[in-house]
There are 2 protein chains.
Amino acid sequence: MVRPDAKRLCAMTIVNSPFARKLAAFVTLSDSDLTVLSDLYRRRRVFPAGRDLMHQGQTSHPVYILADGWACSYKLLPGGTRQIVDFQIPGDFLGLRSVLFRTADHNIEPITRVEASEVMAHDLLDAFARTPRLATAVLWAASRDEAMVVEHLVGLGRRNAVERTAHFLLEMGARLKLVGIGSKAGFACPLSQYLLADALGLSAVHINRVLRELREDGLLTFQHGQVVFDDLAGLVKLADFDAAYLDHDGPLLR
Amino acid sequence: MVRPDAKRLCAMTIVNSPFARKLAAFVTLSDSDLTVLSDLYRRRRVFPAGRDLMHQGQTSHPVYILADGWACSYKLLPGGTRQIVDFQIPGDFLGLRSVLFRTADHNIEPITRVEASEVMAHDLLDAFARTPRLATAVLWAASRDEAMVVEHLVGLGRRNAVERTAHFLLEMGARLKLVGIGSKAGFACPLSQYLLADALGLSAVHINRVLRELREDGLLTFQHGQVVFDDLAGLVKLADFDAAYLDHDGPLLR
DNA sequence: GTCCGACGCTGCTGTAGGTAAGCGCATCCT
DNA sequence: AGGATGCGCTTACCTACAGCAGCGTCGGAC
């Protein structure tokens, strides 16, 4: 049996993890929630940048919680091109959706060196059974992820390159702020223009044009791995970005 | 208490509903699963074509199971344009995803006259608790829906107009075949070229050209509300469509 | 009847964004 | 030092698609 103060200490260390910070944005987590959470963190693993850690068609892979670094999930097309569906940042799940299917339907590639905790599906369900609030928070986070995919889809279908790029970078800013990396001013961004292009359905050359345009219009500067929002209000208006997303500080449900 | 043979009769009538047919494609449903299912069907409602039955920003709306007709979920953009995220056909949920959020993040519009069963979130969770297999099947169906949204996103990002249109119509064909409407040969399709355009991120005029092109190449005919696959193999190849999707007849998990 | 609105179809013109190619500047290797 | 290699940046040219305008057909309202 663990002594209460040791438990507390454990909860203290976990509370600043990106995953906990993200969930805490949806519901207020109790100490017991946090200790259950910390159990999920045990099997920490490290992956180098560039080598896929999940392939489409691969059967029965584990689920990870990203602790550090960036990854992306993408699909390959026969022409050799690819479409990046979403980027994962600290606090996000890797491969949660495809755990229900026996086979993954997309690839996941670490963009930087990545640290992630491997979670057994069984342990996760077990944790849900013990702490319903945690289950609610995770489901909520999953719904938010899906809503972001939908927003991405809308952008690809009906927004032009500039709006789309602005919207994307605003959204990344909001997500990073939520887990304590980055702020309203900007964020450190390890994405190359090629990655941006594959995510936004554009060519790398055109991404370059778009970034220059945004820079020259005094809206946003993306240089040397750093995104700076030069005119946040202007960007939000241009991209039709839901600003509530960027702003909320406390949990939505107490 | 219902007599066993009455129960059986009830299960017999429900088994041919689109919803049950769809779930049965994922897991084999027992008689008791089917009776639980039939309880969900009680509050049947009818909606006329064209008038939205859910608005983005609307709070605390119910969930429906579509029994007859077509609907679409879409998002409006400030320019007055819209992007259709997905079409719903018999057997599909309406508004399942946004039930976790307090407010819906998209609109749902009936394309034809629509019959749908209103389901209380509580009843649904109750049904899940009683029949885990049903819960599995529903989760599976939800995952499939999300996978389709992802595939739609990939199409918008990296497929040209012809491939995208072909892929879309193949997918609708596969979905309709699953619930017993339509076949490998084709299906009845109430979508106007304007709706197609809003879903595929194109203009209605260009959809028209694309459909003509597909027709002239002997691949597919879409005329008078009827889609006919003239050259299924050619279409599958052109669109890079996952044919396994179209083929499976029995449940994936027994 | 004839008016009117949906919807489908086509031709013309403009443009957003793709493709190809090349340069500069880092970093890494040998 | 010299050559790879990767990434950012730019220019010139080309195409897939949008926008607009117009015309035909069907079906419903009056």
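All chains are named by letter (A, B, ...) in the order of the sequence lines, taking the proteins before the strands, and each is independently numbered beginning at 1. We use all heavy atoms of the structure for the numbers below, so side chains are in, but hydrogens, waters and symmetry mates are not.
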What is the nucleic acid contact for A:Gly201, judged by heavy atoms within less than 4.0 Å: base, sugar-phosphate only, or nothing? sugar-phosphate
Give one of base, sugar-phosphate or nothing for B:Gly225, where a contact means two heavy atoms less than 4.0 Å apart. nothing
Could you tell me the separation between the CD atom of A:Gln193 and the P atom of D:dG6, rounded to a whole number of Å? 16 Å
Check the phosphate of D:dG8 against A:Gln223, side-chain N and O only, distance under 4.0 Å to OP1 or OP2. Yes or no? no
Over 12 foreign heavy atoms within 6.0 Å of CZ, B:Arg44: yes
Can you tell me how far C1' of D:dC7 sits from CZ of A:Phe222, to the nearest Å? 12 Å
Contact class for A:Ser203 vs. all strands (heavy atom < 4.0 Å): base, sugar-phosphate, or nothing? base
Could you work out which one of D:dC17, C:dC9, C:dG17 sits closest to the side chain of B:Asn160? D:dC17
Distance-only polar pair, side chains of A:Asn107 and A:Gln56, donor-acceptor under 3.5 Å: yes
By nearest-nucleotide position on DNA chain D, the 5'-leaning member of A:Asn208 and B:Ile207 is A:Asn208
Going through the distances and angles, do A:Asp240 and A:His167 end up as a side chain to side chain contact (heavy atoms under 4.5 Å, CB included)? CA-CA 7 Å; A:Asp240 178 40; A:His167 192 281; 5.7 Å; no
Among D:dC9, D:dG8, D:dA18, the one nearest A:Ser192 by side-chain distance: D:dG8
Worked verdict on A:Phe222 versus A:Phe229 for ring-ring contact (aromatic ring centres under 6.0 Å, His included): CA-CA 9 Å; A:Phe222 182 3; A:Phe229 299 130; over 10 Å; no
Please report, rounded to the nearest Å, how far the P atom of D:dG8 is from the CG atom of A:Leu211. 9 Å
Among C:dC12, D:dG8, C:dG18, which is the nearest nucleotide to the side chain of A:Leu202? C:dG18
Rounded to the nearest angstrom, tell me the gap between atom CG in B:Leu156 and atom P in C:dG17. 14 Å
Just the rounded figure in Å: distance from P of C:dC9 to CZ of B:Arg215. 6 Å
Give the ring-plane orientation class for B:Trp70 versus B:Phe187, where under 30° counts as parallel, over 60° as perpendicular and anything between as tilted. parallel
Are OP1 or OP2 of D:dC9 and a side-chain N or O of A:Arg212 less than 4.0 angstrom apart? no
Please tell me which of B:Val210 and B:Val205 maps to the more 5' nucleotide of DNA chain D, matching each residue to the nucleotide holding its nearest heavy atom. B:Val210
Just how far, in rounded Å, is P of D:dG6 from CG of A:Leu195? 14 Å
When the distance from NE2 of A:His206 to C1' of D:dC13 is rounded to whole Å, what number comes out? 15 Å
Between C:dG8 atom P and B:Gln226 atom CD, what is the distance in whole Å? 14 Å
Have a look at B:Ala204 and say if it touches a base, only the backbone sugar-phosphate, or nothing, with a 4.0 Å heavy-atom cut-off. nothing
Contact class for A:Arg209 (heavy atom, under 4.0 Å): base, sugar-phosphate, or nothing? base
